[in-house]
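Worth saying up front: this structure is predicted, and the values here are computed from it rather than measured.
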Amino acid sequence: MRAALPILLLALLVACEKTPEGLHVVVSGPLTPRVHFDRLSVVASLPDGAPLALSTLEGDALKLPATFNFESGPTTPEGTRVSVRATAELAGIVRSTASGEATLSPGTGSTLELTLPPISAPPDAGMPTEACDNGADDDGDDLRDCADPDCDGRGCQPGGLTCSSGVCSCARTTTGIVTEHPGFTRRTAPLALAPSVGPFAGLLLVTGGRDGAGRPLATVETFTPGAVPTVRGALSVARAEAAGLALADGGVVVLGGLRVDGQHEETLERLEPDGGSTVRFFSPPLTASGVLAGRLGPDAVLAGGQLAQRPLPPTSDTAVRVKLESPGSGDQTLLGRLSLSCPAGGAAIGDAFVLVGGCAGRGASARTDVVEPSGLIGVGPSLPVALESPAVVEVSSGRALVVGGREALPSGGLAPSARVFLLERAGTVVRVRELAAMDVPRASPRATRAGNGWVYVEDRAGAGPAWFDSASERFTPATPAPTPRTGHTLVGGTDARVFAVGGSGPDGGLSDTALEVQVRCP
């Protein structure tokens, strides 16, 4: 045999001429260059995996069949067993591959033919179908759950609800089962929260408010459906008209409020699982009663109501940020003035907090204000109509619902409103979209979101309650309470239920019961 040559890999695009001793490789297959693949690579290696040579075809040189020659060398004399692998790639992803082995032979050399298999088409799972109960647009027609005609007659929520004419509801009846639970402290306008994480997760937590003589209360009680209310301790200071927040870390804080002597309480309290609390003074001194409260990252934002940094007088058109984490818990910063002279409601909208409408008796407004995570107060989109005392509630991350109230008439004056708007935040932009109107106007609404994402809306002016399904963006009538009550607090549970706590019945006496309304068919 003539003198050995170094190992060499040459790419030839047509049938090769007479080859030296070595291996002749031909790669073919039912693939179309630049359609099925944009790069063809051939690798030769020893049986133990040690690489010997690599050649690649791209661009105009790319075609099938393609021919490659391997020649013997000092470390690969004739008789050496060689493994060869051909790979077709498209945009860096391997689409097809073929492998084989051959022996380097003298004379014209041996030949190895590799055939790249066809690229399999992805399995056809058929046309996507709408799931009807997951809040998503499964089939890509921009309609979710019951809003999609494909869901008509199918189940949409546990508890027997089905889709009918675009609405998730109970057939031929109102939606909801109302249960009355006794044993609660008698109070009006309590602070009620239902944390989803932490030591109070799954519990209804009630504190503050006023007793029958109008005195602020300090009792803290918890409740789990199926059990009885349990006194869990007391606030360090009895408070009424305080603000409260369930935090992302599971903590619960009560901020500000009015004391028994009628003066403002200038502290916040973090409730502890053992029934005690940790008290922090606002710094600088702050008074806050009847304010709107929301989370701003790890902090709280307070706005509207009666809010003041001493010795300044209280105002209803400012916002402050309060630090809730130690060290520095209780430190607060004035963020600035709102464009709203007195916001009617507020809700989380993504990582920001939105304020909407005018307070009851203070006039209607179409304005919205957005408090950014940085603390910057920006003017949000204007509503198509000016509203007084609408209900404002978070629907899902990045969306807030604005419901009812009294709307300004072109001729002057106010009229009960059935209009509904959705504020949606994408990035730093907030847009407003009007939804289909409610069945009847609700002039003095309040609303809360249940753990399943539905919103419960009631009306202090007398209209019946309703559920809002955030997936189909439609309303369905809710089962009313057996007896009406006033002065109570609404709070959403961690599952498909809401609670009405405190307040008084038709006889004017304070109630010792809480109403539980479940999203189920009677």
Side-chain angles (χ1 to χ4, degrees), residues 31-32 34-38 89-96 118-171 175 347-352 354 380-381 383-384 393-403 419-439 447 449-457 466-476 492 495-496 519-521:
L31 307 184
T32 302
R34 291 177 291 280
V35 174
H36 296 123
F37 66 106
D38 57 13
E89 304 172 27
L90 182 65
I93 299 174
V94 175
R95 304 298 303 279
S96 181
I119 298 172
S120 302
D124 184 6
M127 293 295 292
T129 58
E130 188 69 21
C132 305
D133 62 356
N134 63 355
D137 173 23
D138 303 291
D139 56 7
D141 60 359
D142 293 329
L143 299 172
R144 296 180 296 172
D145 292 5
C146 289
D148 193 325
D150 295 342
C151 288
D152 201 45
R154 294 167 59 187
C156 51
Q157 282 284 332
L161 282 74
T162 57
C163 295
S164 178
S165 300
V167 178
C168 185
S169 62
C170 299
T175 298
I349 183 167
D351 55 358
V354 66
L383 303 177
V393 62
E394 180 186 10
V395 175
S396 60
S397 180
R399 298 196 300 165
L401 188 70
V402 182
V403 179
R419 298 178 74 170
V420 182
F421 304 97
L422 198 64
L423 295 170
E424 299 172 297
R425 179 176 169 92
T428 59
V429 178
V430 179
R431 295 183 174 89
V432 60
R433 176 162 58 93
E434 185 162 10
L435 306 182
M438 294 182 288
D439 54 343
R449 186 184 67 172
N452 68 337
W454 281 36
V455 174
Y456 182 78
V457 183
W467 293 103
F468 173 77
D469 175 4
S470 60
S472 64
E473 298 181 350
R474 298 286 296 273
F475 286 85
T476 188
D495 49 14
V519 183
R520 299 184 63 85
C521 294

If you look at every heavy atom in [X] and [Y], which pair is closest and at what distance?
X	Y	value
Asp133	Gly155	CB-O, 4.4 Å
Ala347	Val393	CB-C, 3.7 Å
Trp454	Cys168	CH2-O, 3.3 Å
Ala471	Asp145	CB-OD2, 3.3 Å
Ser96	Leu31	CB-CD1, 3.9 Å
Pro149	Leu143	CD-CD1, 3.8 Å

ring-ring contact (aromatic ring centres under 6.0 Å, His included) partners for Phe37, two or more places apart
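ring-ring contact (aromatic ring centres under 6.0 Å, His included) check on Phe37 returns nothing, list empty.
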Do you know which of Asp439, Val457, Val455 makes side chain to side chain contact (heavy atoms under 4.5 Å, CB included) with Phe475?
Val457
Report the residue from Leu422, Leu423, Ile349 that forms a side chain to side chain contact (heavy atoms under 4.5 Å, CB included) with Arg399.
Leu422
Steps toward side chain to side chain contact (heavy atoms under 4.5 Å, CB included) verdict (Val420, Leu401):
CA-CA 7 Å; Val420 182; Leu401 188 70; 3.6 Å; yes
Measure the [atom1]-[atom2] distance between [X] and [Y] for me, rounded to the nearest 0.5 Å.
X	Y	atom1	atom2	answer
Thr476	Gln157	OG1	CD	11.5 Å
Asp138	Asp148	CG	CG	9.0 Å
Arg449	Ser470	CZ	OG	8.0 Å
Thr175	Arg520	OG1	CZ	12.0 Å
Thr129	Asp139	OG1	CG	7.5 Å
Asp150	Asp141	CG	CG	6.5 Å

Would you say that more than 12 heavy atoms from the other residues, nucleotides or ligands in this model lie under 6.0 Å from the CZ of Arg431, or not?
no
May I ask you to check if the distance between the SG atoms of Cys156 and Cys163 is under 2.5 Å?
no
Could you go through Cys146 and Cys151, starting from their C-alpha distance and side-chain angles, then the distance that decides it, and tell me whether this counts as disulfide bond (SG atoms under 2.5 Å apart)?
CA-CA 6 Å; Cys146 289; Cys151 288; over 6 Å; no
Using the side chain to side chain contact (heavy atoms under 4.5 Å, CB included) rule, take Asn452 and Asp495 through it: C-alpha gap first, then chi angles, then the decisive distance, then the call.
CA-CA 6 Å; Asn452 68 337; Asp495 49 14; over 6 Å; no
Can [X] and [Y] be counted as an ion pair, charged N to O under 4.0 angstrom?
X	Y	answer
Glu434	Arg419	yes
Arg425	Asp351	yes
Arg154	Glu130	no

State, yes or no, whether a side-chain contact exists between Arg95 and His36 at a heavy-atom distance under 4.5 Å.
no
Side chains of Val167 and Asp469: does their closest heavy-atom pair fall under 4.5 Å?
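In short, these two side chains do not touch, never coming nearer than 4.5 Å.
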List the steps, then state whether side chain to side chain contact (heavy atoms under 4.5 Å, CB included) holds for Leu161 with Ser169.
CA-CA 5 Å; Leu161 282 74; Ser169 62; 5.7 Å; no
Proximity of Tyr456 and Trp467 rings by center, below 6.0 Å:
yes
